[in-house]
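Worksheet: one structure, shown below.
Only a predicted model underlies this, so the values are computations on that prediction, with no experimental measurement involved. Protein chains get the first letters and strands the later ones, always in sequence-line order, with residue 1 at the start of each. In what follows, every heavy atom counts, from backbone to side chain, and hydrogens, waters and symmetry copies are set aside.
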Amino acid sequence: MPTTKLKLVTIISETILEDRIIRELKQLGVRGYTVSGEVRGEGTRGLPTVDFGGQNIRIETLVNPELATQIMAYIAEHYFADYAVIVYTLDAEVIRSEKYL
Amino acid sequence: MPTTKLKLVTIISETILEDRIIRELKQLGVRGYTVSGEVRGEGTRGLPTVDFGGQNIRIETLVNPELATQIMAYIAEHYFADYAVIVYTLDAEVIRSEKYL
Amino acid sequence: MPTTKLKLVTIISETILEDRIIRELKQLGVRGYTVSGEVRGEGTRGLPTVDFGGQNIRIETLVNPELATQIMAYIAEHYFADYAVIVYTLDAEVIRSEKYL
Amino acid sequence: MEILDLVRLNLLSPMVLAFVLGVVATLVRSDLKFPDEIYTALSIYLLLAIGLKGGAELSETALADFWAPALMTLLLGVSIPIVAYVILRRLGRLEVADAAALAAHYGSVSAVTFAAVQTFLIALDIPFEGFMPTLVAILEIPAIIIALVIARVALGQGGNWGEVLRELLAGKSILLLLGGMVIGFLSGRAGLAQVAPVFVDPFKGILTLFLLEMGMVAARRFRDLRRVGFFLIAFGILMPIVNGTFGIWLGSLAGLSQGGAVILGTLAASASYIAAPAAVRIALPQANPSYYLTASLAITFPFNLAIGIPLYYGLAGFFY
Amino acid sequence: MEILDLVRLNLLSPMVLAFVLGVVATLVRSDLKFPDEIYTALSIYLLLAIGLKGGAELSETALADFWAPALMTLLLGVSIPIVAYVILRRLGRLEVADAAALAAHYGSVSAVTFAAVQTFLIALDIPFEGFMPTLVAILEIPAIIIALVIARVALGQGGNWGEVLRELLAGKSILLLLGGMVIGFLSGRAGLAQVAPVFVDPFKGILTLFLLEMGMVAARRFRDLRRVGFFLIAFGILMPIVNGTFGIWLGSLAGLSQGGAVILGTLAASASYIAAPAAVRIALPQANPSYYLTASLAITFPFNLAIGIPLYYGLAGFFY
Amino acid sequence: MEILDLVRLNLLSPMVLAFVLGVVATLVRSDLKFPDEIYTALSIYLLLAIGLKGGAELSETALADFWAPALMTLLLGVSIPIVAYVILRRLGRLEVADAAALAAHYGSVSAVTFAAVQTFLIALDIPFEGFMPTLVAILEIPAIIIALVIARVALGQGGNWGEVLRELLAGKSILLLLGGMVIGFLSGRAGLAQVAPVFVDPFKGILTLFLLEMGMVAARRFRDLRRVGFFLIAFGILMPIVNGTFGIWLGSLAGLSQGGAVILGTLAASASYIAAPAAVRIALPQANPSYYLTASLAITFPFNLAIGIPLYYGLAGFFY
Ligand SMILES: Nc1ncnc2c1ncn2[C@@H]1O[C@H](COP(=O)(O)O)[C@@H](O)[C@H]1O
Ligand SMILES: Nc1ncnc2c1ncn2[C@@H]1O[C@H](COP(=O)(O)O)[C@@H](O)[C@H]1O
Ligand SMILES: Nc1ncnc2c1ncn2[C@@H]1O[C@H](COP(=O)(O)O)[C@@H](O)[C@H]1O
Ligand code: NA
Ligand code: NA
Ligand code: NA
């Protein structure tokens, strides 16, 4: 069974940005994603939460390495200045890689 | 402190399959697992959710590389055709490896 | 866009230890973390849950490799004997690495 | 004409309006979200409350009045899925799995639709038999089993029957309905009175909240309407009318009161959206969930809630 | 003196005491936690219940009595953010974004404060107009829009206005308030009676639970009090008094009853903590959330709840 | 014989039956799941409601009637864990940590068992003192502290006592019970009347829902019964009977009414499953949670609920 190496891009962001980031990920070419709501955290910004629900969400998406780089750059450019958002990538192995590409 | 390289296998699946997949993982030889309920996502199948609770669950298990390959093959064979399920592996480092093997 | 390699340390622990572990992580020098509540799991200890809420939590923190080693050692020393706790690390890539260091 | 009046009256009830509000919330992409846990809690409440009341009533009923309606209900549960399957295969040209899946849904029953028709009749002061919740429980499962058997025979599959059956019988809706009924039966009206401030008085209000959420759920399926095509939309409206009329007729034969027959008709007309989808997804994974969920949730449920219930009440006039 | 009595009476109500208990729980670092889902459910309940009751009352009101208060409310919504912005920039020397963000919050309205003043008046048997929830809806949005316009002009930004407007209008508080009002209006007092055991009788008790949670939320912001500085603390207390007096005065001009004017004053005095923060965080991300959340939640909300409401009631005496 | 009648009556109450339904749901592996958030919400409700009612009653009580029962309760809290520890070590041959952990649980108290006995007495129209919730609060903590002290002395450990104490006192059950009592005391019966549709009338119904979930929780522990062995099962039944009788006797000495003594006995007989497990897991991690959770939840709690409560009521007859 052949496996393919992809990148798992993880974005942790304020809840309020969920819909917007997912819309933008799709525009960048992402074909699937998984969101875990209700995560909470602390970073260098303290707690800029604006609603009372779970402060943060985690968005994960398996993509090819080029798209991973693009997503990281996009998030950095559009969110790092004003929002509590971080992004990182991990190396993942999948089967059925055509599904994600 | 010696560390060991293991695989972290992640399965994202419809909620309804949770009990069944966990039963099968144990039969394959898995010694521990962690489930995060209430994740949601989109992929190539749209939204085939059948209950109203969190659509998907994430099952993660730390195993040795051979078992990881076996699990991926098993999931591919039994679930890819009819269910909204994906599986991927990451390289993890643990201590106390005897716990997982 | 330059990326940096960091370690993503994941701790899965009984819910009741959340505050304590986070306090200790900060003392070890961690600058940020993300907690996912309400995960559940099974390992070699069975189910020592003491409250009815989600049995386990997952704490993740992006740190440099030395700190990662330190955290793993710390958790092993203080928790492995008496508590249902596991810890593992993954290789992650981030941008804006100064944020985590 | 009288039916139109009833429809108007029904449409202006807080419950139906709450459903509409839920639909609107989804259509305008509101950030209103009902936590899943609250949805689960409300449905536990509704099923248990229906069961409790039914059981307490049953404890005061002569069981001799009960066997005929029970038998007729079983007959409905056996015949509807067969008829539905044939229609879906012949007229709709659906795949075996998809036809069987839909047959399971339309043969089974929606507890919320039951709650709605009950509330409708109470508001009109029309009496009905206290044991009706028992009929909900009787109608829930047989159709699912029959539809699955049809599919397995047609597809030549074997499979783990015992497990599927256990899951059906231990499914939460049956468990809460029957469990509530046993509790109500054993503790009687006096027991029910003790918990009435939770399980009786607030029933309509809780149902209203629940329907707000159901409106959002149904509306999220609306975008699939185009995908399922015209045939399924027509099926989702006409099949309930046929089943409803059939149910009323059998109810009248069984000696039910007019109110009871309206309820039995509505049960026959309703399509399951809890027990059937879960069982079908496991036992018939190759069936496309878009078809059965959309038909059941986005077509039949709103139709019954808004128009079907007063319609069946009107139709019952022809049998009484 | 009479005001002091009212304050004492108010402080000993279960609602205010529950808020204090929530504050205490946070200060002693209790493990008491209110699940987010329950918080969400309670706030859905409160907004819907306010709307339902308002709508049912509105259905019995001559709409001729309504235009003057509605207009005055709109005037409040337009003028408060402008005044607040000027004060914050001139006296407080805040950045444009921060001043506009705060102006949006103080021009908009807190539904829970509305619930509290309503409950306060009912406990004192003071009558007020049934259409007051409509005024909550009218006051909620204009101030946010005006404050955002000010910021964009001052900062020379363009941006996606349509999207911001849609999100404001489809925001859950407006949707539930207006939606509840429409349901209440269409189904009338008879419809409301059907769901009263959920949406009327338990209102105060649910509000009490909600305020327990609000106390915890507010107290978590207390540690930011030092960071926001003395000016904002003073602003968070004095601005409501100014706005409250202004609101009472406009209410008296509009021909509202004394009770109605007290409510309008309280609405003017209250600061938003649902609609405004969400809109501001998206449309003005450079504004520091510590400022507006702390001022609104940790200063103005407790002030209004404990002292403001009886104070405005006392002040209304000068206008009637 | 009379006790048997009471047992039967008790077993047929909706509350006990709901517990049984929860057990059944787990045994048949139903997919019924109670969301954790709902469980949390219900327990917040129960504790707060108990406190509120107690406080409102206390505000009408002469405090002179109160000191003797309070002192006797403290005596129970001090003596039970010592006795239990000795029994567990001598007869049961348990490890120090395990014996101390169990002692903490049986010396402390279960608020839900309190709610159940209260409901039982109200159903039988037997009066009891209004200040009983205060005794729940008094009994909750001392036993835990004493058991931990025993363990630390026996194990020669030091440790962070201040932190453990703060966590105990700020624990949610004490906070809600005492907090509710203060609110009830300060706002009085008039205040309680305002929130009665939430905190008084639905109490039994909510307790019923809660017990449904408790049944599922307890049943999940049943599979550990074999692991804990025969001694612990006997301990989990006999220790409550001993403690219950002791409590009733002390209650009669303290001048409590018969109803009050039954409640004090039930409190003594009950085993903690919120405060004690949390404290013990942190302060005595080497104790095996299977022992104390299984004994408390899967043995003593169901025993008290089904048989213990009517039994203690019967036993009280010997002292009055
Ligand atoms: N070093 C880190 N490791 C894991 N998660 C982090 C880290 N730093 C920040 N986060 C997460 O990212 C969110 C935003 O971070 P920040 O922008 O630094 O406030 C936080 O609330 C955390 O959930
Ligand atoms: N590229 C992806 N990255 C992350 N999660 C995915 C991806 N594709 C699918 N998923 C998850 O897997 C589930 C099933 O995917 P699918 O079978 O493609 O519908 C989705 O609901 C997502 O939660
Ligand atoms: N092999 C594993 N893979 C993933 N998670 C595990 C594994 N083993 C244990 N866990 C998690 O760690 C928790 C404690 O494990 P244990 O101490 O082995 O009982 C479990 O409840 C699981 O959530
Ligand atoms: Na049907
Ligand atoms: Na305002
Ligand atoms: Na005890």
Donor on one side chain, acceptor on other, A:Arg58 and C:Ser36, under 3.5 Å:
yes
What part of C:Leu8 lies closer than 4.5 angstrom to a heavy atom of chain A: side chain, backbone, both or neither?
side chain
Which one, C:Val35, C:Thr34, C:Val94, leads in non-hydrogen pairs under 4.5 Å with chain A?
C:Val35
Any side-chain heavy-atom pair from C:Ile95 and A:Val87 closer than 4.5 angstrom?
yes
Do the non-hydrogen side-chain atoms of C:Tyr100 and A:Ile86 ever get within less than 4.5 Å of each other?
yes
Portion of C:Leu62 that has a non-hydrogen atom of chain A nearer than 4.5 angstrom:
side chain
Chain A contacts, top residue of C:Asp91, C:Thr61, C:Ile22 (heavy-atom pairs, under 4.5 Å):
C:Asp91
Contact origin within A:Thr69 toward chain C - heavy atom pairs under 4.5 Å
both
Name the region of A:Leu90, side chain, backbone, both or neither, that has any atom closer than 4.5 Å to a heavy atom of chain C.
both
Let's go through C:Arg31 and A:Glu42 carefully: what are the C-alpha distance in whole Å and the side-chain angles of both, what is the deciding distance for side-chain contact (heavy atoms from CB on, under 4.5 Å) to 0.1 Å, and is it a yes or a no?
CA-CA 8 Å; C:Arg31 299 200 49 206; A:Glu42 264 184 90; over 6 Å; no
Any heavy-atom pair between the side chains of A:Val9 and C:Glu93 that's under 4.5 Å?
no
From C:Glu60 CD over to A:Tyr88 OH, what is the distance, rounded to the nearest 0.5 angstrom?
4.5 Å
